[in-house]
Structure formats: C-alpha cells, structure tokens
Novice: 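Pasting a structure below so you can have a look.
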Amino acid sequence: MGFLSTLTGSFSTPADDNPTVAMMEAAYAAAGLDARYVNVDVSSADLSDAILGAKAMGWVGFNCSMPHKVAVIDHLDGLGESAELIGAVNCVVARDGDLIGENTDGRGFVEALRELRHPAGTHIVVLGAGGAGRAIAVESALAGAARITVVNRNTARGESLAALVSERTGADADFVPWTSTYAVPDSADVVVNATSVGLGDGDAQVDVDLETLRPELLVADVIPNPPRTAYLRAAAQREAQTLDGLGMLVAQGAVAIELWHGVSPDREVMRARLSEVLGLDSAI
Ligand code: NDP
C-alpha cells in the first residue's frame with residue numbers, strides 16, 4: 001500500500017498586501033474554498049520546469065503575467081477559443097491531466113461591461129492594441145459586438161488586431177492610426193482605454209477629444225490603479241456612463257476561480273478587499 005509523501009516548501013512570497021493575492025484569498029475565504037493563491041516569481045529560463053512542478057504538485061491551475069503570457073503556450077496541451085485567437089494566455093487550467101490555456105482578461109472586461117450594457121450589436125472603440133486591447137477586442141467581438149474600431153499608434157499592431165477580428169469573428173473591424181487627438185465617432189456605443197496611459201498617474205490623459213465623449217456613450221478604462229482616471233473623470237463630467245479597471249480586474253479573477261474550482265465567487269467581496277489593499281474608497 002502506497003502513501004503520499006509531502007514536500008513542504010519555504011519560499012519568499014509577496015507581502016500580504018499584494019492586491020491580487022489579497023483579492024483572490026478573500027474570495028476563497030468567503031466561498032469556504034479550501035485553497036490558497038500564492039504568487040511566485042519565475043524567470044523565463046525556468047518557465048518549463050515551473051509548469052512541470054505545478055503539474056506534479058497537483059495545482060488546479062495558475063495565472064501568468066508578462067513576459068510569460070505568450071511563451072507559456074508552448075508548454076500547454078490545448079487552448080480555449082479566445083486564448084487561441086488572442087494568442088496569449090493569462091490563466092492555465094488543469095483538466096483531466098491536461099493543462100489548458102485560457103485568457104480571462106477579455107472575459108473579465110465583457111463581464112464587467114455586461115453589468116452596464118450588453119455588447120451585442122454595439123460599436124466598440126478600443127484605444128490600444130497591446131495585450132489588454134487584443135483581449136478586449138476579441139472577447140467583445142465573440143460576445144456579439146457588431147463593429148470593433150481599433151485605434152493605436154503602432155500601425156502594424158493595430159492593423160493586425162483589426163484583421164484578426166474581422167477574419168476570425170462575426171464582427172466588422174477597422175483600424176484608425178492614432179496620429180493626432182482622436183475624435184470618438186457618433187456611431188460608437190462604447191469607448192475603452194486599453195492603453196497603459198493613466199497607470200499610477202491620476203492626471204495622465206489619453207489623447208482623445210473630450211468634447212466627443214457624449215452622454216450616450218459608455219466610457220471604460222482598463223487602468224485599475226488609480227481607478228478614477230483623468231479620462232473617466234472627464235467622461236463623467238460630460239454625463240457619460242463610466243466603467244473603471246477594477247471591475248475588469250475583479251471579473252478576470254472571478255472567472256479564473258470559476259475555471260479552477262467550479263464555484264462562482266462573490267465579486268463584491270473581491271472588489272471590497274481589492275479597494276482596501278489599494279487604499280481606495282470601495283464606493284468609487
Ligand atoms: P502592452 O504593453 O501590451 O500595450 C500597451 C498599449 O498601450 C499599446 O497599444 C501602446 O501603443 C499603448 N500606449 C502606451 N502608451 C501610450 C500613449 N502615450 N499613447 C497612446 N497609446 C499608448 O500593455 P497591456 O495591453 O498588457 O496593458 C495595458 C494596460 O492594461 C496596463 O496599464 C495594464 O495595467 C492594464 N490591464 C488591466 C487589466 C485589468 O484587469 N484591469 C488586465 C490587463 C491589463 P503602441 O502599440 O502604439 O505602442
């Protein structure tokens with residue numbers, strides 16, 4: 001009769017106030033889940049060994065951040081539909097001995113968006129064509145958006161995202177080179193800042209003609225900290241509905257917990273804990 005030997009590890013983890021760790025562990029506690037969310041630094045050279053180790057230790061899955069979001073794909077057994085289209089994985093799920101790559105960033109955005117406005121049939125303008133922009137454009141198109149406009153400084157990145165959306169999803173897509181202040185067209189229903197402008201800088205303003213932020217628009221931002229960006233404040237002043245980056249951050253984590261544990265966590269608990277660790281008023 002065999003018995004299970006244990007490896008009891010000791011390693012440095014980020015402080016208890018790491019925002020994502022705190023948010024995920026609050027979700028586990030509230031759901032009564034017997035699970036831990038542990039953050040470990042892994043170098044690119046050690047990625048393969050780390051993934052084998054996670055599998056050997058029976059992890060139900062893991063998140064990965066840049067620069068591993070693309071490199072991890074070579075080590076997986078399969079990809080979910082949107083991860084395959086986006087070409088990046090931020091969430092790996094162990095299923096029946098296989099490791100499957102998913103992308104919960106775009107799903108998180110769409111889940112947060114749906115609370116305010118259903119994407120079906122809408123025209124969504126995505127400012128930025130990096131990892132967040134790709135995830136948002138693809139997932140919004142898969143959720144039924146009729147048209148995606150990609151606005152980006154780098155032409156190759158913007159064009160390739162617009163081509164991907166129009167060739168691989170049911171949505172129409174166009175690309176606008178971001179060479180001067182961008183005027184949001186009257187046809188747009190949603191305009192989302194998916195650039196890094198505003199991260200850690202509440203005064204940084206995306207180069208958008210603020211006069212074109214109409215009250216009928218839903219204006220969204222991916223920036224989680226500070227969540228009340230200059231761009232969202234300008235939109236609110238013009239009476240547009242706003243969606244901040246905390247909603248997306250909470251929702252992508254919640255979707256990951258659903259994939260790993262089959263349990264739907266309490267988003268309010270997660271947002272409250274995240275706000276607490278970030279030193280924010282949870283009502284904002
Ligand atoms: P990338 O580096 O992949 O892409 C950055 C994007 O920002 C590019 O499109 C880049 O344009 C654009 N950009 C940067 N500076 C400017 C500028 N001054 N003016 C116009 N465009 C600019 O980053 P990610 O896409 O991975 O992340 C973007 C942001 O999204 C980050 O701040 C990140 O924190 C946030 N994020 C939030 C999440 C959430 O859950 N709330 C989840 C994931 C990301 P170009 O291609 O022309 O260089």
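Order of listing sets the numbers, starting from 1, for every ligand and every atom in it. For clarity, every value in this text was computed on a predicted model and none was experimentally measured.
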Novice: Please could you name the atoms of ligand 1 that Gly245 approaches to less than 4.0 Å, counting only its heavy atoms?
Specialist: 41 (N)
Novice: May I ask you to check whether Ser43 and Asp46 show a side-chain donor-acceptor distance below 3.5 Å?
Specialist: yes
Novice: How far apart are the closest heavy atoms of Asp105 and Ala135, and which atoms are they?
Specialist: CB-CB, 4.0 Å
Novice: Without swapping roles, check the side chain of Thr149 against the backbone of Val125 for a donor-acceptor pair under 3.5 Å.
Specialist: no
Novice: Looking only at protein heavy atoms, which one is nearest to atom 4 (O) of ligand 1, and how far off is it?
Specialist: Gly130 CA, 3.4 Å
Novice: Is the shortest side-chain N to carboxylate O distance from Arg107 to Glu81 below 4.0 Å?
Specialist: no
Novice: What protein heavy atom sits nearest atom 33 (C) of ligand 1, and how far off is it?
Specialist: Leu199 CD2, 4.9 Å
Novice: Shortest non-hydrogen contact from Ala50 to Val42?
Specialist: CB-CG1, 3.7 Å
Novice: Around atom 14 (C) of ligand 1, find the nearest protein heavy atom and jot down its residue, atom name and distance.
Specialist: Ser196 OG, 3.4 Å
Novice: Report yes or no: does Arg214 contribute a side-chain atom to a donor-acceptor pair with the main-chain N or O of Ala188 at less than 3.5 Å?
Specialist: yes
Novice: For atom 25 (O) of ligand 1, find the nearest protein heavy atom and state the residue, atom name and distance (0.1 Å precision).
Specialist: Ala132 N, 2.7 Å
Novice: At the 4.0 Å heavy-atom cut-off, does Ala129 count as touching ligand 1?
Specialist: yes
Novice: Any donor and acceptor pair, going by atom type alone, linking the side chain of Arg233 with main-chain N or O of Arg228 inside 3.5 Å?
Specialist: yes
Novice: Decide, yes or no, whether a salt bridge links Glu276 with Arg273 under the criterion of side-chain N to carboxylate O below 4.0 Å.
Specialist: yes
Novice: Heavy-atom pairs closer than 4.0 Å: do any link ligand 1 to the side chain of Phe109, the backbone, both, or neither?
Specialist: neither
Novice: Hey, are Arg95 and Asp77 close enough for a salt bridge, meaning a charged N less than 4.0 Å from a carboxylate O?
Specialist: no
Novice: As a check for students: among Arg134, Lys69, Met66, Arg153, identify the option with a heavy atom nearest to atom 17 (C) of ligand 1.
Specialist: Arg153
Novice: Return yes when at least one protein heavy atom is under 4.0 Å from atom 12 (C) of ligand 1, and no when none is.
Specialist: yes
Novice: Look at atom 41 (N) of ligand 1 and say which protein heavy atom is nearest, naming residue and atom and giving the distance to 0.1 Å.
Specialist: Val222 O, 2.9 Å
Novice: Identify, for atom 47 (O) of ligand 1, the protein heavy atom at the shortest distance, and state residue, atom and that distance.
Specialist: Asn154 N, 2.8 Å
Novice: Based purely on interatomic distance, does Pro224 place a nitrogen or oxygen under 3.5 Å from a nitrogen or oxygen of ligand 1?
Specialist: no
Novice: In terms of side-chain heavy atoms, does Thr229 have a donor or acceptor partner in Asp221 at a distance below 3.5 Å?
Specialist: yes
Novice: Establish, from distance only, whether the side-chain atoms of Asn63 and Tyr37 form a donor-acceptor pair under 3.5 Å.
Specialist: yes
Novice: May I ask you to identify the nearest protein heavy atom to atom 3 (O) of ligand 1, giving residue, atom name and distance to one decimal place in Å?
Specialist: Gly131 N, 3.0 Å
Novice: My understanding is that only one of Thr104, Asn103, Leu85, Val110 makes a side-chain contact (heavy atoms from CB on, under 4.5 Å) with Glu139; could you say which?
Specialist: Val110
Novice: Considering distance alone, does some N or O of Gln252 sit under 3.5 Å from an N or O of ligand 1?
Specialist: no
Novice: Heavy-atom pairs closer than 4.0 Å: do any link ligand 1 to the side chain of Ile223, the backbone, both, or neither?
Specialist: side chain
Novice: Is Val197 in polar range of ligand 1, meaning some N or O pair under 3.5 Å apart?
Specialist: no
Novice: Using a strict cut-off of 4.0 Å, indicate which atoms of ligand 1 neighbour a heavy atom of Gly128.
Specialist: 9 (O)
Novice: Could you say whether the N/O atoms of Asn152 and ligand 1 ever approach to under 3.5 Å?
Specialist: yes
Novice: Tell me: protein heavy atom nearest atom 46 (O) of ligand 1, and distance?
Specialist: Arg157 NH1, 2.3 Å
